Amino acid sequence: MSADAKLAGTKGPAAAWRRMQAMVLRYVYLYRGSWPRILELAYWPTLQMIMWGFLTIFLASKSGFFVQAAGVLIAAVLLWDVLFRSSLGVSLSFLEEMWSRNLGHIFVSPLRPGEFVAALTLMSLIRVLIGIVPASLLAIWLYAYSIFDMGLPLIAFFANLQVMGWSFGLIVCGLLMRYGLGAESIAWFAIFAIAPFSAIYYPLSVMPDWLQWIAGVLPSTHVFEGMRSVLVEKTFRTDLLINAVALNAAYLSAAVAVFLRFFRSARERGLILQIGE
Amino acid sequence: MSAAPAEGPPAAIRVSKLTKSYDDVLAVNRLSFSVPEGTTAALLGGNGAGKTTTISMILGLLLPTRGRISVLGIDMLKRRYDALPRMNFSSPYVDLPKRLSARENLMVYARLYGLRRPARRIGELAEELDLTAFMNRPSGTLSAGQRTRLALAKALLNEPDVLLLDEPTASLDPDTGDRIRTYLEAYRDTRRATILLASHNMAEVERLCSRVMMMRAGRIVDEGSPAELIRRYGRANLEDVFLDIARDRRRADRGSERPGPERTGPERTGPERTGRAA
């Protein structure tokens, strides 16, 4: 039997999907054989939720606002973690390839860069779900607060923060390709640069005017404003959702372009075979 | 440029005026060669001669500054992904994930290459390359020789028509190295595959290769079959020829063994040929 006959088709969406699944399988094997990695996924979201949950209980005893808007801090913590974990999910999966000096094999396989990007984002989604779902369920048990009570708006908030995290993660991957493992710590701290301007725990209106303008170009700001609107005013604001979706479309397009540009630059500079520990 | 003989098999790999420069460093300088289908050729040269750079450009891991590359008739600079499913490579300088077992690593790559029956092919390779006993062990716990065989198994998963091998028997004991060479010869002959390798094992090159391209400073400074080169340089083996070339001891200095004027061409007339005599 010829090799061609032994190979399934290498073109088209079905072949692309198979290659993406192969990359996800690679990470599944990795996590299956490493309990510390699994633990790390759920550890921080759970810990954060517990701390902020107690803070919510304390504040509710002192402030009418927190009585009225039950769970606004817990929801903010969990949704911020979606954004953070989503970004980290992309960049850590990429870092796994750098740590194992495997990029040379990956990039001479039929896997295209776009498929690799898709596999990283898929893996990011899986990591976020593993991290956030247990913490959310624990919040129901500990504080009688269910983030799922937000209903359909929660899906919109989650999706927007997930996509924004992908964008940040992809830009970090590009920087890692260009600057190597010396830039590894960027994966951990990059996303925190936007935390003060995302109106996570406080409304946009508390910021100075000029800062509000900066905050307004972040999709996350519109998500957290929308979240407070749902929890405090019991209103779902479509305008904020549209803003977030439009900004995310621009961010993701730019991030994919940046990743591909850095990939090309790495090929021009001969960096792919040099990447490693 | 040295093309395949007109009456011979078509070229599986064809490289034309390939150049790679990094700022002011010229890593590969107007390199031209072709490797006929179903044959094994070697790129030899000292460290920094440009072998790995050349192989990286053929694979598409590195973009050339100038020049053209075609593999199996496919332009690698324009349609790389049409050729990649029919190619593969192994190198001791690129690892497989250490925390994955040998079987898991092969399964991932079998799926990346789109094998219809990955488990069967992995089983075949495990047996042929004597990997069966440690297929379930994490790759990072394998010995250097076992890892080399695993990398070779990965390179053979898709039964490639073109195989690029960097130090294919590095870290293998003589017995295993010999068996791998026998395996590669059989693979090439039965599959009519084309193999381009870079190696510092001259005995291996003499045995496997019908053609050797000697590189220095990013250029091919001489080429021919191992027997031709040995005869031309008046040496007993390819290792001595390698040392002559690496140290720029020109054939002219070998006296009566010097070959005739047939060795001409742009890639053999560069400044490195006018350097010091030994």
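Every chain is numbered from 1, with letters handed out A, B, ... down the list of sequences. Atom set for the values below is all heavy atoms of this structure, side chains included, hydrogens, waters and symmetry mates excluded. Here the structure is a predicted model, which means the values were calculated and not measured.
Counting all heavy atoms, side chain and backbone alike, A/Val108 lies closest to B/Tyr113 at O-OH, 3.4 Å. Shortest non-hydrogen contact noted between A/Pro110 and B/Tyr81 is O-CD2, 3.8 Å. Shown here for A/Glu268 and B/Lys20, the closest heavy-atom pair between the two residues is O-NZ, 2.5 Å. For the pair A/Ser100 and B/Asp95, the tightest heavy-atom approach, listed with the atom from each and the gap, is O-CB, 3.3 Å.
Evaluation of the side-chain contact (heavy atoms from CB on, under 4.5 Å) rule for A/Leu122 yields A/Trp17, A/Val24 as partners, not counting sequence neighbours.
With a 4.5 angstrom heavy-atom cutoff, B/Ser101 does not touch chain A via any of its atoms. Of the atoms belonging to B/Tyr22, it is side-chain heavy atoms, and not backbone ones, that fall under 4.5 Å from chain A. Using a 4.5 Å cut-off between heavy atoms, A/Arg264 contacts chain B through both its backbone and its side chain.
Within residues 133-142 of chain B, no residue has any heavy atom less than 4.5 Å from a heavy atom of chain A. Within residues 61-75 of chain B, the residues approaching chain A closer than 4.5 Å by heavy atoms are, in numerical order, B/Leu61, B/Leu62, B/Leu63. Taking 4.5 Å as the heavy-atom cut-off, none of the residues of residues 180-188 of chain B approach chain A.
Counting heavy-atom pairs closer than 4.5 Å to chain A, the top-ranked of the candidates B/Met57, B/Met87, B/Arg99 is B/Arg99. Highest contact tally toward chain B, considering only A/Arg112, A/Met20, A/Met23, is held by A/Arg112 [criterion: heavy-atom pairs under 4.5 Å]. Contacts with chain A were tallied for B/Leu100, B/Asp82, B/Asn88, B/Asn105; B/Leu100 has the most, counting heavy-atom pairs under 4.5 Å.
More than 12 heavy atoms of other residues, nucleotides or ligands lie within 6.0 Å of CZ in A/Arg267, so this atom counts as buried by the packing criterion.
Remark: the backbone N or O of A/Arg18 is not paired with any side-chain donor or acceptor of B/Arg111 at under 3.5 angstrom.
Using a 4.5 Å cut-off on side-chain heavy atoms (C-beta onward), B/Val94 and A/Asn102 make no contact. Using a 4.5 Å cut-off on side-chain heavy atoms (C-beta onward), A/Ile106 and B/Tyr109 make contact. Put simply, the side chain of A/Leu25 does not reach to within 4.5 Å of the side chain of B/Glu104, judged on heavy atoms.
Applying side-chain contact (heavy atoms from CB on, under 4.5 Å) to B/Pro97 and the options A/Arg26, A/Arg101, A/Glu96 leaves one that passes, A/Arg26.
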